[in-house]
Amino acid sequence: MSTAADANADPASPDRITVFAREFGPAAMEYHRREMGRRGYRLAGPIVRQNVFLVDGPGKPSPLLDGEPHYAATFVRVAGHSAA
């Protein structure tokens, strides 16, 4: 599983964290595994399968994650909750 940001490594946790997984289950369980609720996060919306690309300037976007669709779960910090 890849993470866009690892809040466990950064004491000033970001406001948004997105994780990508090849299967739905691991993406869904990440909320519990990393204790996201205790740390002040909620799921931003449904966990959906998508392709991910990097846009770096005016050229063609580059596919990430081997160009394969992955399930994405985005967590957002609840307003008024400080970094844990």
Side-chain angles (χ1 to χ4, degrees):
M1 182 180 330
S2 302
T3 60
D6 188 349
N8 288 331
D10 181 4
S13 298
D15 288 334
R16 298 180 71 85
I17 297 171
T18 300
V19 297
F20 299 98
R22 287 185 176 89
E23 298 176 7
F24 179 86
M29 290 306 298
E30 192 67 4
Y31 180 84
H32 301 290
R33 187 183 77 78
R34 292 177 60 181
E35 300 181 337
M36 299 302 279
R38 182 187 62 76
R39 294 172 44 216
Y41 289 91
R42 65 171 177 77
L43 193 58
I47 297 172
V48 295
R49 194 168 172 184
Q50 59 189 347
N51 288 312
V52 183
F53 295 87
L54 176 65
V55 178
D56 190 18
K60 184 179 176 182
S62 302
L64 299 177
L65 306 172
D66 298 325
E68 296 180 17
H70 282 64
Y71 288 94
T74 298
F75 306 100
V76 294
R77 182 172 306 286
V78 175
H81 195 285
S82 61

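As the structure is a prediction and not an experimental result, all values here were calculated from the model.
A distance of 4.0 Å separates CE of M36 from CD1 of I17, quoted to the nearest 0.5 Å. Here the straight-line distance linking atom CZ of F20 with atom CG of L65 works out to 6.5 Å at 0.5 Å rounding.
One hydrophobic cluster, built from ILVMFWY side chains closer than 4.5 Å, holds both F75 and F24. Placement of I47 and M29 in two distinct hydrophobic clusters is found when ILVMFWY residues are connected by side-chain heavy-atom separations under 4.5 Å, directly or transitively. Under the 4.5 Å side-chain heavy-atom criterion for ILVMFWY residues, no single connected hydrophobic cluster contains both V52 and V55. By the criterion of side-chain heavy atoms lying less than 4.5 angstrom apart, applied directly or through intervening Ile, Leu, Val, Met, Phe, Trp or Tyr residues, Y31 is not grouped with V76; the two fall into different hydrophobic clusters.
Within the structure, the side chain to side chain donor-acceptor pair (under 3.5 Å) test picks out no pair touching residues 47-65 (sequence neighbours left out). Residue pairs meeting the side chain to side chain donor-acceptor pair (under 3.5 Å) criterion with at least one partner in residues 64-75, sequence neighbours excluded, are T18-T74.
Salt bridge annotation for R34-E30: present, with a cationic side-chain nitrogen under 4.0 angstrom from a carboxylate oxygen.
Closest approach of A28 and H32 over heavy atoms only: O-CD2, 4.3 Å. Nearest heavy atom pair, residue A21 against residue P26, reads CB-CB, 4.1 Å.
Contact of the Y41 side chain with the V78 side chain is not registered, since no non-hydrogen atoms from C-beta on lie closer than 4.5 Å.
Remark: the backbone N or O of R39 is paired with a side-chain donor or acceptor of R77 at under 3.5 angstrom.
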